[in-house]
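The model shown is predicted, which means the values in this text are computed figures rather than measured ones.
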Amino acid sequence: MPLTKSGISKSIWALREKDFDEFNNRVNEFFSIAYPGFSVVATEYPVIYLRDDRRARRR
C-alpha cells in the first residue's frame with residue numbers, strides 16, 4: 001500500500017533533537033487532527049510518511 005507524504009513546521013522538527021518523546025507526541029497529535037484515520041509510519045526530514053488506516057477500521 002502506498003504511503004501519503006506530508007510535512008510539519010520547523011518548530012516541531014526542532015523538537016526531534018531536543019526532546020524526541022515530545023516530538024513524537026506533537027507529530028501524532030497534529031496528524032490525528034489533520035489526517036484522522038492515518039498513522040505516522042516514519043519521519044525523515046522534511047517528510048512525514050502516513051499510512052491510511054481508514055479502510056481497515058471499516059471492516
Side-chain angles (χ1 to χ4, degrees):
M1 173 185 297
L3 298 176
T4 300
K5 294 180 184 180
S6 191
I8 54 174
S9 70
K10 287 184 180 183
S11 63
I12 296 176
W13 276 114
L15 287 172
R16 190 174 191 194
E17 298 300 317
K18 296 176 187 174
D19 186 345
F20 192 74
D21 290 335
E22 182 62 19
F23 169 77
N24 278 334
N25 290 338
R26 296 278 297 274
V27 168
N28 287 317
E29 181 180 291
F30 176 84
F31 286 106
S32 71
I33 295 167
Y35 286 85
F38 285 72
S39 298
V40 175
V41 174
T43 59
E44 185 178 312
Y45 185 82
V47 178
I48 305 291
Y49 294 93
L50 305 166
R51 180 184 61 231
D52 185 352
D53 294 330
R54 294 174 297 175
R55 204 171 257 185
R57 283 200 241 162
R58 289 184 212 153
R59 293 179 182 176

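We find the CG-CD1 distance between Asn25 and Ile12 to be 11.5 Å, quoted to the nearest 0.5 Å. In this structure, Ile8 CD1 and Lys10 NZ are separated by 12.0 Å, a value rounded to the nearest 0.5 Å.
Heavy-atom minimum distance, Ser9 versus Ser11: OG-OG, 2.9 Å. In terms of heavy-atom proximity, Arg55 sits nearest to Asp52 at N-OD1, 4.4 Å.
Both Leu3 and Val47 are part of a single hydrophobic cluster, where members link through side-chain heavy atoms under 4.5 Å apart. Cluster annotation: Tyr45 and Val40 are assigned to the same hydrophobic cluster (Ile/Leu/Val/Met/Phe/Trp/Tyr, side-chain heavy-atom contacts under 4.5 Å, transitive). No continuous path of ILVMFWY side-chain contacts below 4.5 Å connects Tyr49 to Phe31, so the two sit in separate hydrophobic clusters.
The aromatic rings of Tyr35 and Phe38 lie perpendicular to each other, with more than 60° between the two planes, well past the 30° mark.
With sequence neighbours left out, the side-chain hydrogen bond (donor to acceptor under 3.5 Å, both in side chains) criterion links Thr4 to no other residue. Applying the salt bridge (charged side-chain N to carboxylate O under 4.0 Å, His left out) rule to Arg16 yields no partners; only residues at least two apart in sequence or on another chain are considered. Shown here are the ring-ring contact (aromatic ring centres under 6.0 Å, His included) partners of Phe23, two or more places apart in sequence or in another chain: Trp13, Phe20.
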